[in-house]
Amino acid sequence: MKIVRSINNLKQIIKTFRDNNCIISLVPTMGNIHDGHLALVKKAKLMNTICIVSIFINPTQFDQSHDFNNYPRSIKLDCKKLMLHNVDIVFIPSVSTMYPNGINNYTCMYVPNLSEILEGSKRLNHYKGVTTIVSKLFNLIQPNLAFFGEKDFQQLVIIKNMVYDMHYNIRIVSIPIIREISGLAYSSRNTLLSKDEYKIAHKFYLILKDMADKLRHNIHCVVNLIEIATNQLEKIGFIVDSLYVLDSKYLTYITNSSINVIILSTVWLGKIRLIDNIKVKIFK
Ligand code: PAF
């Protein structure tokens, strides 16, 4: 496994692979590698591709500098895990490598509307930062395939839109959320939970799952279900930040004829914001 920090080096290595007709895949991450990331890597390797993992904690997608500063960093352990999973290249650029004009003066990539709703309405520049860094990585690496988890579902929808609208010749492959045995979705932020918070964190998923099971049979009770789930979550110590039931394709409000629906939610547990979602196919 090659660990690469400079763009020149990265381009040279990729050229050698491409000259040998290899298919290149990219798994963009912000590090603190967990089973969710490794599932993306496994999928890329199963598809017989040269797997490049980028590790870059992207400052422009954080609204608060303390959130950026506190983001867990574990480069050595990350590289060990990636090596065990036969990753070919780990790209670990610096901020000045990715933002040569600086982070207060950068050229951005922005997907309108979708970046402003839901999560985007609370975290003003978040998706602008995400699409900018992902497009920079796409430009530098020009992968054939790029892998994203479905945990940040809005991010996935936005990236697919960017790829479509900007004519990137890249196939976006997504995989369902990888969960701990308890049901808690893997997240780099889980390591920031206290022991007591960690003990109840999985209930977030269990309550959403219960909601999904009921919704599947009766889409008309959505308002009721949102209220019940909110009360259940708040009773055990979560603060519900958002809880939506939306059409999963365009993240628009559901109608009586909706079939593919998604429950999207973010909650606070102490100082940590958890995110989760469940796709629901409505029985008609
Ligand atoms: O999902 C993430 O980890 C990040 O938003 C991404 C896609 C690596 C961009 O920084």
Side-chain angles (χ1 to χ4, degrees), residues 10 25-41 43-44 51-65 67-75 78-79 81-82 87 89-99 103 106-111 114-115 118-120 122-141 143 145-163 166 168 170-179 185-192 264 266 272-277:
L10 177 74
S25 63
L26 169 66
V27 180
T29 80
M30 298 207 296
N32 202 21
I33 299 296
H34 53 63
D35 284 5
H37 298 119
L38 295 173
L40 298 171
V41 167
K43 177 116 188 176
C51 179
I52 305 178
V53 174
S54 60
I55 299 182
F56 180 68
I57 304 177
N58 176 33
T60 64
Q61 70 187 75
F62 290 84
D63 312 316
Q64 316 269 355
S65 58
D67 198 18
F68 171 72
N69 293 332
N70 288 338
Y71 198 85
R73 288 158 166 86
S74 50
I75 288 285
D78 289 351
C79 288
K81 289 183 186 170
L82 296 174
V87 165
I89 303 172
V90 186
F91 179 47
I92 315 177
S94 65
V95 173
S96 59
T97 301
M98 293 312 287
Y99 290 95
I103 57 167
Y106 68 94
T107 308
C108 68
M109 174 69 80
Y110 187 64
V111 176
L114 276 171
S115 300
L118 311 170
E119 273 292 277
K122 299 201 175 87
R123 303 173 69 193
L124 285 185
N125 290 315
H126 174 66
Y127 288 118
K128 181 172 94 178
V130 170
T131 41
T132 299
I133 195 64
V134 170
S135 78
K136 281 169 182 272
L137 291 166
F138 283 180
N139 294 339
L140 291 173
I141 295 170
L145 306 163
F147 292 74
F148 294 87
E150 288 177 6
K151 187 156 146 286
D152 187 340
F153 197 80
Q154 186 175 357
Q155 167 174 284
L156 179 64
V157 173
I158 290 173
I159 288 171
K160 282 184 178 165
N161 254 273
M162 174 184 86
V163 164
M166 296 309 291
Y168 278 117
I170 298 171
R171 183 172 147 209
I172 301 299
V173 183
S174 70
I175 66 162
I177 296 178
I178 306 294
R179 300 181 182 280
Y186 276 106
S187 162
S188 302
R189 289 173 204 263
N190 292 352
T191 54
L192 301 174
L264 293 176
T266 51
I272 307 306
R273 195 159 174 274
L274 300 174
I275 178 167
D276 207 340
N277 68 65

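All ligand and atom numbering here is 1-based and tracks the order in the structure.
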| task | Using side-chain hydrogen bond (donor to acceptor under 3.5 Å, both in side chains) as the criterion, list what pairs up with Arg189, not counting sequence neighbours. | result | Asp67

| query | Between CD of Gln61 and CE of Met30, what distance do you get to the nearest 0.5 Å? | reply | 4.5 Å

| said: Can you see whether Phe68 has Arg73 sitting over its ring - NZ or CZ less than 6.0 Å from the centre and within 45° of the normal? | reply: yes

Could you pull out every N or O of ligand 1 that sits under 3.5 Å from a protein N or O, with the distance for each pair?
unit_1: ligand 1; atom_1: 1 (O); unit_2: Gln155; atom_2: NE2; d: 2.9
unit_1: ligand 1; atom_1: 5 (O); unit_2: Gln61; atom_2: NE2; d: 3.0
unit_1: ligand 1; atom_1: 5 (O); unit_2: Gln155; atom_2: OE1; d: 2.8
unit_1: ligand 1; atom_1: 10 (O); unit_2: Gln61; atom_2: OE1; d: 2.7

| Does the side chain of Leu26 reach to within under 4.5 Å of the side chain of Phe138, using non-hydrogen atoms? | yes

| task | Please check if any side-chain donor atom of Tyr110 sits under 3.5 Å from a side-chain acceptor atom of Asn125, or the reverse. | result | no

| request: With Lys43 as reference, evaluate Leu145, Val27, Leu38, Val173 under the side chain to side chain contact (heavy atoms under 4.5 Å, CB included) test and give the passing residue. | output: Val173

